[in-house]
Amino acid sequence: MLDIKYIRENLQVVKEGAKNKGVDIDIGRLLEVDKKRREVLQALEDMRAQKNKASKEIPQMKDEKERGKIILKMRELDINSDRLNQELKSSEEEFNSLMAKIPNIPLEGVPVGKDDSENVVLKEVGERTKFDFTPKNYLDIAEKLDIIDVDRAAKISGTRFGFLKGEAALLEVALINLVFENLIKEGFIPIIPPVMLKPEMAWGMGYLEQTNSEEAYHLEADNLYLTATAEQSLGTMHSGEIFDEKDLPRRYLGFSTCFRREAGAYGKDTKGIFRVHQFDKIEMFSYCKPEHSLNEHEFLLEREEKLMQALEIPYHVLKICTGDLGTPAAAKYDIEAWIPSENRYRETHSTSNCTDFQARRLNIRYKDKTGKLNFVHTLNGTAFAIGRILISIIENYQQKDGSIKIPKALQQYFNLKMIKNK
RNA sequence: GGAAGAGUGGCUGAGCGGUUGAAAGCGCGGCUCUCGAAAAGCCGUAGGGGCGAAAGCCCCUCGUGAGUUCAAAUCUCACCUCUUCCGCCA
């Protein structure tokens with residue numbers, strides 16, 4: 001959510017930002033409703049002031065007659081205030097729903113573009129893996145080795161699910177260990193969060209109206225949403241709270257299962273575990289002071305790159321353009337890993353600076369030295385999305401005989417150098 | 001799921017229909033004292049919103065939302081959260 005004062009004073013910036021994000025907003029209507037809302041509010045407040053004044057006088061009045069007269073007068077006032085209350089409520093409702101549609105403004109330097117085709121490659125890191133044979137698709141390799149089973153998953157759960165078996169399951173544990181070991185050293189607090197959220201919390205993260213109920217799993221009986229990423233529980237965990245300035249930045253590292261309906265992805269990546277309804281992910285989340293969020297974003301990107309470098313997987317970094325940013329983000333980088341069988345890079349990481357957009361909705365602030373309260377900035381970034389990292393490992397570490405080498409950085413965690421056919 | 005109790009400012013906690021946005025203590029900030037610190041003393045210290053150039057004036061908020069009343073932290077209802085007990089359970 002943006003600040004209405006900011007919107008009033010920076011109309012052009014807001015319009016331009018929404019346009020570049022490809023979001024339709026009716027800012028004229030918003031300003032109208034805002035004006036109406038303030039007028040009604042003023043009238044209502046005047047009336048309340050009158051009543052408050054009378055309420056203070058009444059207990060002092062000795063004269064029963066005078067007293068009765070004022071009480072009658074106040075009763076009459078009430079009838080009017082009911083009408084004003086209704087008016088205020090309806091303009092406030094419209095105001096809120098219009099406000100909720102206004103996306104965060106892209107930061108300076110974010111490339112303007114309509115969709116993911118206009119994202120900008122910042123750099124390529126690592127040599128694209130070379131083979132002296134034709135590299136196979138990860139699923140073929142994994143199924144031969146019997147470490148990923150999507151057929152049986154389909155039998156019990158439907159499409160877009162998978163079993164990780166044997167060494168694949170062990171690899172997940174190793175990846176978790178690698179991340180926790182390295183990032184806890186950097187001051188991240190390890191977290192295993194709830195994966196169900198109340199509606200108002202899901203709303204607060206700014207993804208609900210964008211994807212609507214389409215993307216999130218909703219548990220009807222309990223009115224809870226399954227989280228699509230730990231970002232949602234890490235970001236809401238401090239809602240309504242006030243940080244001490246000295247406690248910022250606060251960095252969390254959350255491991256959780258993620259649930260996605262993938263409702264808009266019919267026909268996309270239907271095979272295998274690249275795009276599934278359920279996967280595990282380790283997510284970084286930072287709360288920081290506004291003046292530090294640009295640096296913090298670079299910091300998160302660096303952590304992501306370090307992890308990819310530890311696995312020695314070739315990747316490139318994208319600066320995401322305005323049209324591909326999403327509602328809450330003001331800036332975003334993606335990392336895509338090299339996938340030999342497809343001869344292209346595919347997304348494994350994403351890190352966003354949401355500035356104060358989420359903090360405003362969730363009312364997360366910090367107290368500065370002078371005692372003043374300000375909204376924090378929130379940022380998130382993938383450490384590892386297990387399924388996709390597994391894919392990039394299998395693809396890049398495959399051998400001619402169908403076995404998979406295990407990245408050196410992971411070997412220490414389960415005393416195995418190769419995954420071979422049994 | 002059943003029963004009982006509770007939710008007040010950064011924290012502890014008083015208030016249980018009327019000058020109470022809220023006592024007291026702690027904490028925090030400033031000042032005095034001190035070579036400095038501690039102790040002591042004095043003063044200050046909730047958030048949000050509207051109007052205004054500002055000073056300031058006003059409104060809202062005692063878990064949330066409705067209601068009763070001229071008037072609600074205080075009464076009623078619903079919901080949320082927590083605690084204890086019973087049931088179930090990894």
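Convention: sequence-line order gives letters A, B, ...; per-chain numbering from 1.
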Visitor: Please check if the side chain of Asp247(A) supplies one atom and the backbone of Phe243(A) the other of a donor-acceptor pair under 3.5 Å.
Guide: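 Side chain of Asp247(A) to backbone of Phe243(A): no pair is present.
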Visitor: Expressed as a whole number of Å, how far does the P atom of rU20(B) sit from that of rG27(B)?
Guide: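 Going atom to atom, P in each nucleotide, I get 27 Å.
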Visitor: Hey, could you give me each pair passing salt bridge (Lys or Arg N to Asp or Glu O under 4.0 Å) that has a residue in residues 103-116 of chain A? Not counting sequence neighbours.
Guide: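 Found Lys114(A)-Glu118(A).
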Visitor: At a cut-off of 3.5 Å, list every protein nitrogen or oxygen paired with a nitrogen or oxygen from nucleotides 55-62 of chain B, distance to 0.1 Å.
Guide:
from, atom 1, to, atom 2, distance (Å)
rC59(B), OP1, Asn52(A), ND2, 3.0
rC59(B), O2', Arg48(A), NH1, 3.4
rC60(B), OP2, Asn52(A), ND2, 3.2

Visitor: Please verify the inter-ring angle class for Tyr345(A) with Trp338(A); under 30° counts as parallel, over 60° as perpendicular, anything in between as tilted.
Guide: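 Because their plane-to-plane angle is over 60°, the rings of Tyr345(A) and Trp338(A) count as perpendicular.
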Visitor: For the pair made of CG in Leu197(A) and C1' in rC80(B), what is the distance, rounded to whole Å?
Guide: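 These atoms are roughly 16 Å apart.
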Visitor: Please indicate whether Asn421(A) has more than 12 foreign heavy atoms, meaning atoms of other residues, nucleotides or ligands, lying under 6.0 Å from its CG.
Guide: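 Yes, because the 6.0 Å sphere around CG of Asn421(A) holds more than 12 heavy atoms from other groups.
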Visitor: Please state whether the rings of Tyr252(A) and Tyr287(A) are parallel, tilted or perpendicular, taking 30° and 60° as the class boundaries.
Guide: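 Aromatic pair Tyr252(A)/Tyr287(A) classed perpendicular.
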Visitor: Round to the nearest Å and state the distance from Asn363(A) atom CG to rG48(B) atom C1'.
Guide: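 Spelled out: CG on Asn363(A) to C1' on rG48(B) is 9 Å.
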Visitor: When the distance from CD of Glu39(A) to P of rG50(B) is rounded to whole Å, what number comes out?
Guide: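 After rounding, the gap between these two atoms is 14 Å.
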Visitor: Kindly state which residues belonging to residues 233-247 of chain A come within less than 4.0 angstrom of RNA chain B, counting heavy atoms of the residue only, listed by number.
Guide: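 Those residues: none at all.
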Visitor: Knowing that exactly one of His292(A), Glu231(A), His297(A), Gln358(A) qualifies, which makes a side chain to side chain contact (heavy atoms under 4.5 Å, CB included) with Leu379(A)?
Guide: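 Testing each of His292(A), Glu231(A), His297(A), Gln358(A) against Leu379(A), the sole residue satisfying side chain to side chain contact (heavy atoms under 4.5 Å, CB included) is His297(A).
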Visitor: Considering only atom P, compute the distance from rC77(B) to rU68(B) and round it to an integer number of Å.
Guide: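 Nearest-Å result for rC77(B) against rU68(B) at atom P: 15 Å.
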Visitor: Nearest whole angstrom, please: distance from the P of rC51(B) to the CZ of Arg37(A).
Guide: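 One finds 9 Å between P of rC51(B) and CZ of Arg37(A), rounded.
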Visitor: Identify, with sequence neighbours excluded, every residue that meets salt bridge (charged side-chain N to carboxylate O under 4.0 Å, His left out) alongside Glu262(A).
Guide: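 Salt bridge (charged side-chain N to carboxylate O under 4.0 Å, His left out) list for Glu262(A), sorted by chain: Arg275(A).
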Visitor: Would you say CE of Met74(A) has more than 12 non-hydrogen atoms from neighbouring residues, nucleotides or ligands within 6.0 angstrom?
Guide: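 Count over threshold, so yes.
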Visitor: Once salt bridge (Lys or Arg N to Asp or Glu O under 4.0 Å) is applied, what residue pairs with a partner in residues 182-194 of chain A remain, sequence neighbours excluded?
Guide: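 Listed once each, the pairs are Glu186(A)-Arg303(A).
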Visitor: Does atom CG of Asn415(A) have more than 12 heavy-atom neighbours, drawn from other residues, nucleotides or ligands, at distances under 6.0 Å?
Guide: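 12 or below, so no.
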Visitor: What's the gap between rA72(B) and rA66(B) when it is taken at their P atoms, as a whole Å value?
Guide: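 One P to the other, the span is 14 Å.
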Visitor: Please state how far atom CD in Glu76(A) lies from atom P in rU69(B), giving the value in whole angstrom units.
Guide: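 Those two atoms, CD and P, are 15 Å apart.
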Visitor: According to salt bridge (Lys or Arg N to Asp or Glu O under 4.0 Å), does anything in residues 249-260 of chain A pair up with another residue at least two apart or in another chain? List the pairs.
Guide: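 Every salt bridge (Lys or Arg N to Asp or Glu O under 4.0 Å) pair that includes a residue of residues 249-260 of chain A, provided the two are not neighbours, is Arg251(A)-Glu296(A).
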Visitor: Quote, to the nearest angstrom, the P distance that separates rU74(B) from rU19(B).
Guide: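 Their P atoms lie roughly 13 Å apart.
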Visitor: Would you please enumerate the stems RNA chain B participates in, each stem being three or more consecutive Watson-Crick or G-U wobble pairs with both distances under 3.5 Å?
Guide: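 Expected stems, ordered by start: B:1-7 with B:80-86, B:10-12 with B:24-26, B:27-32 with B:40-45, B:46-51 with B:56-61, B:63-67 with B:75-79.
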Visitor: Using heavy atoms to find the nearest nucleotide of RNA chain B for Asp3(A) and Lys198(A) separately, return the residue whose nucleotide is more 5′.
Guide: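 Going by which nucleotide is closer to the 5' end, it is Asp3(A).
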Visitor: Identify, with sequence neighbours excluded, every residue that meets side chain to side chain donor-acceptor pair (under 3.5 Å) alongside Asn119(A).
Guide: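 Applying side chain to side chain donor-acceptor pair (under 3.5 Å) to Asn119(A) gives Asp324(A).
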Visitor: For Arg360(A) and rG48(B), what is the distance between atoms CZ and C1' respectively, to the nearest whole Å?
Guide: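 One finds 13 Å between C1' of rG48(B) and CZ of Arg360(A), rounded.
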Visitor: Please measure how far the P atom in rC82(B) lies from the corresponding atom in rU8(B), and state the result in whole Å.
Guide: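 Result for the P pair: 14 Å, nearest Å.
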Visitor: Would you measure the distance from the C1' atom in rG63(B) across to the matching atom in rU81(B) and give it in whole Å?
Guide: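 About 7 Å, rounded to a whole number of Å.
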Visitor: Going by ring pair (Phe, Tyr, Trp, His ring centres under 6.0 Å), name the pairs with one or both residues in residues 155-176 of chain A, residues two or more places apart or in two chains.
Guide: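 Those involving residues 155-176 of chain A are Phe161(A)-His277(A).
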Visitor: Tell me whether the OP1 or OP2 atom of rG49(B) has a side-chain N or O from Arg38(A) closer than 4.0 Å.
Guide: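 It does not, given that no N or O in the side chain of Arg38(A) lies less than 4.0 Å from OP1 or OP2 of rG49(B).
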Visitor: When the distance from CG of Asn223(A) to C1' of rA78(B) is rounded to whole Å, what number comes out?
Guide: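 After rounding, the gap between these two atoms is 16 Å.
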Visitor: Taking rA24(B) as the reference, what is the distance to rG44(B) when you measure between their P atoms (whole Å, please)?
Guide: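 So the two P atoms sit 11 Å from each other.
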Visitor: Considering only nitrogen or oxygen atoms on both sides, find all protein atoms under 3.5 Å from nucleotides 70-72 of chain B and state each distance.
Guide:
from, atom 1, to, atom 2, distance (Å)
rC70(B), OP1, Arg75(A), NE, 2.3
rC70(B), OP1, Arg75(A), NH2, 2.5
rA71(B), OP1, Lys51(A), NZ, 2.8
rA71(B), O4', Ser55(A), OG, 3.4

Visitor: Name all residues meeting the side chain to side chain donor-acceptor pair (under 3.5 Å) criterion together with Asp34(A); count only those two or more places apart in sequence or in a different chain, and write none if there are none.
Guide: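 Side chain to side chain donor-acceptor pair (under 3.5 Å) check on Asp34(A) returns Arg8(A), Arg37(A), Arg38(A).
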Visitor: Return each pair, listed once, that meets salt bridge (Lys or Arg N to Asp or Glu O under 4.0 Å) where at least one residue sits in residues 169-180 of chain A; pairs must be two or more places apart or across chains.
Guide: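 Counting only pairs at least two positions apart or across chains, no salt bridge (Lys or Arg N to Asp or Glu O under 4.0 Å) contact touches residues 169-180 of chain A.
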Visitor: CG of Asn96(A) versus P of rG49(B): gap in Å, rounded?
Guide: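 Roughly 14 Å, once rounded to whole Å.
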Visitor: On a whole-Å scale, what distance lies between the C1' atoms belonging to rG21(B) and rG49(B)?
Guide: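 Pairwise C1' distance, rG21(B) against rG49(B), rounds to 15 Å.
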